[in-house]
Trainee: 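There's a structure below that I have some questions on.
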There are 2 protein chains.
Amino acid sequence: MPLIPLEEIQLLHNYICQSVNDPKRIQILYALGEQPMHVTALADLLDMPQPTVSRHLALLRQRLLVTSERSGSVVVYSLTDPRILDVLDDMRRILREVLERQAGVLDSPSQS
Amino acid sequence: MPLIPLEEIQLLHNYICQSVNDPKRIQILYALGEQPMHVTALADLLDMPQPTVSRHLALLRQRLLVTSERSGSVVVYSLTDPRILDVLDDMRRILREVLERQAGVLDSPSQS
DNA sequence: TTCGTTTATTCGCACATCCGAATATGCTTA
DNA sequence: TAAGCATATTCGGATGTGCGAATAAACGAA
């Protein structure tokens, strides 16, 4: 199998990897997975300043991970594709297993 | 469903998200998915300077995404858990679909 | 139109990360 | 042990990114 073209890797990096490269943005994605929300509600729920949330949402929207829609007096954000959370869950699962495996190795002293 | 604990999100970010937040590291992961390789082979294959590859590998190892083992005169790196590539593939698939959906919306002018 | 709420942006600064070049370290093998 | 190749690290500088505070802009409601 040939290597993935560098161009596609750049796309992947620019859009998704970079998007999830901030703990607060990951929190925002999970929160929006529960239900679409407007900026202030997100800021309250996650205990972040509103400008911070707004900046992260702008980035996530630019990267196409979330979409926004005005509803009355507020702007409601939602996930463009909820499967992004499945991907994050897969990552968590892999990490957990790797950490456990590693812990197991450390626990049992090498039988020399 | 309650929010993921911030502590676990920090872990996820520190280990995996941060690891894949560089196009060159993504290339390295895919290359190691084809077959375990030593540093110089990777540098040649991906056309990167050896110190660059070495630095990225050190980071990936610290984050537990790759493991290293000396074999004769070279150090062979391999993926700790190949499923990380499935995750990256899922990301690529999602991105491709989102981009196509978006293109479709742009193509068809709103029928007013 | 005007007020008030909601959201977005700007600015300056701090911090992290990446790279190239050079060099140091480590290990194998003769 | 010594030579030589493979790998790791250091350094400086450039770049990118996040934040807080303040403010601007946008929009709905009266």
Side-chain angles (χ1 to χ4, degrees), chain A residues 6 9-29 31-32 35-80, chain B residues 6 9-29 31-32 35-80:
Chain A
L6 181 53
I9 291 190
Q10 288 283 0
L11 269 186
L12 177 62
H13 167 253
N14 285 338
Y15 280 87
I16 300 193
C17 294
Q18 212 163 68
S19 293
V20 298
N21 189 40
D22 186 291
K24 295 190 176 177
R25 282 196 291 270
I26 298 177
Q27 284 189 283
I28 289 175
L29 290 174
L32 293 181
Q35 59 173 312
M37 258 181 280
H38 66 278
V39 179
T40 304
L42 264 175
D44 289 346
L45 175 65
L46 302 178
D47 195 30
M48 301 178 194
Q50 173 267 322
T52 295
V53 174
S54 208
R55 250 185 290 114
H56 284 305
L57 284 172
L59 186 148
L60 289 173
R61 185 179 47 194
Q62 190 187 346
R63 304 293 203 281
L64 307 182
L65 290 205
V66 306
T67 57
S68 63
E69 191 179 6
R70 178 165 287 275
S71 167
S73 67
V74 298
V75 175
V76 174
Y77 282 81
S78 50
L79 296 182
T80 302
Chain B
L6 181 54
I9 291 190
Q10 288 283 0
L11 269 187
L12 176 63
H13 166 252
N14 285 338
Y15 280 87
I16 300 193
C17 294
Q18 211 163 67
S19 294
V20 299
N21 189 40
D22 186 291
K24 295 188 177 179
R25 282 197 291 269
I26 298 176
Q27 284 189 284
I28 288 174
L29 290 173
L32 292 182
Q35 58 174 311
M37 256 182 282
H38 66 277
V39 179
T40 305
L42 265 175
D44 289 347
L45 175 65
L46 301 179
D47 195 31
M48 301 178 194
Q50 173 266 323
T52 295
V53 173
S54 207
R55 251 184 290 115
H56 284 305
L57 284 173
L59 186 148
L60 289 173
R61 185 180 46 195
Q62 190 187 347
R63 304 295 202 280
L64 306 183
L65 290 206
V66 305
T67 57
S68 62
E69 191 178 7
R70 179 165 285 274
S71 166
S73 67
V74 299
V75 176
V76 175
Y77 282 82
S78 51
L79 296 182
T80 302

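Here the structure is a predicted model, which is why all the values come from computation and not from measurement. Naming convention: chains lettered A, B, ... in sequence-line order (proteins, then strands); numbering from 1 in each chain.
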Trainee: Could you check whether any side-chain N or O of A/Arg25 sits under 3.5 Å from a backbone N or O of A/His56, counting only pairs where one atom can act as donor and the other as acceptor?
Mentor: no
Trainee: Short question: side chain of A/Arg63, backbone of A/Cys17 - any donor-acceptor pair under 3.5 Å?
Mentor: no
Trainee: Among C/dA8, D/dT7, D/dC19, which nucleotide sits nearest the side chain of B/Thr40?
Mentor: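 Among the listed nucleotides, the one closest to the side chain of B/Thr40 is D/dT7.
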Trainee: In this structure, how many angstroms lie between the C1' atom of D/dA21 and the CE atom of A/Met48, rounded?
Mentor: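 Result: 18 Å.
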Trainee: Taking the side chain as every heavy atom from C-beta outward, state whether B/Val20 and A/Val20 have any atom pair closer than 4.5 Å.
Mentor: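 The answer is no, as the side chains (C-beta and beyond) never meet within the 4.5 Å cut-off.
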Trainee: For a 4.5 angstrom cut-off between non-hydrogen side-chain atoms, does B/Arg61 reach B/Thr67?
Mentor: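 The answer is no; the side chains never approach within 4.5 Å.
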Trainee: Under the 3.5 angstrom rule, does the side chain of A/Ser68 hit a backbone N or O of A/Val75 as a donor-acceptor pair?
Mentor: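 No; judged by distance alone, with no hydrogens or angles, the pair does not exist.
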Trainee: Within residues 57-78 of chain B, find the residues that approach DNA chain C with a heavy atom at under 4.0 Å, and present them sorted by residue number.
Mentor: B/Arg70, B/Gly72, B/Ser73
Trainee: Base, sugar-phosphate, or nothing: which does B/Pro51 touch, judged by heavy atoms less than 4.0 Å apart?
Mentor: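 Since a base atom lies under 4.0 Å of B/Pro51, the category is base.
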Trainee: C/dT17 C1' sits how many Å from A/His13 NE2, rounded?
Mentor: 11 Å
Trainee: Given C/dT7, D/dT7, D/dG20, which nucleotide is nearest the side-chain atoms of A/Ser54?
Mentor: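 Side chain of A/Ser54 sits closest to C/dT7.
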Trainee: Please determine whether any donor N or O and acceptor N or O are separated by less than 3.5 Å between the side chain of B/Gln50 and the base of D/dA6.
Mentor: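 Side chain to base: no pair below 3.5 Å.
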Trainee: How many angstroms lie between CG in B/Leu65 and CG in B/Leu57, if you round to the nearest 0.5 Å?
Mentor: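 So the gap between those two atoms works out to 11.0 Å.
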Trainee: Rounded to the nearest 0.5 Å, how far apart are NZ of B/Lys24 and CZ of B/Arg55?
Mentor: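 Answer for the NZ-CZ pair, B/Lys24 versus B/Arg55, is 8.5 Å.
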Trainee: Can you find a pair of side-chain heavy atoms, one from A/Leu29 and one from A/Val66, that are under 4.5 Å apart?
Mentor: yes
Trainee: With the threshold set at under 4.0 Å for non-hydrogen atoms, list the residues of residues 17-29 of chain A touching DNA chain D in residue-number order.
Mentor: A/Gln18, A/Asp22, A/Lys24, A/Arg25
Trainee: Counting only side-chain nitrogens and oxygens, does B/His56 get under 4.0 Å of the OP1 or OP2 atom of C/dC19?
Mentor: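 Yes, within the criterion.
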Trainee: Can you tell me how far C1' of C/dC11 sits from CZ of A/Arg55, to the nearest Å?
Mentor: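 The answer, rounded to whole Å, is 11 Å.
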Trainee: Could you go through the side-chain contact (heavy atoms from CB on, under 4.5 Å) check for B/Thr40 and B/Val74 one step at a time?
Mentor: CA-CA 9 Å; B/Thr40 305; B/Val74 299; over 6 Å; no
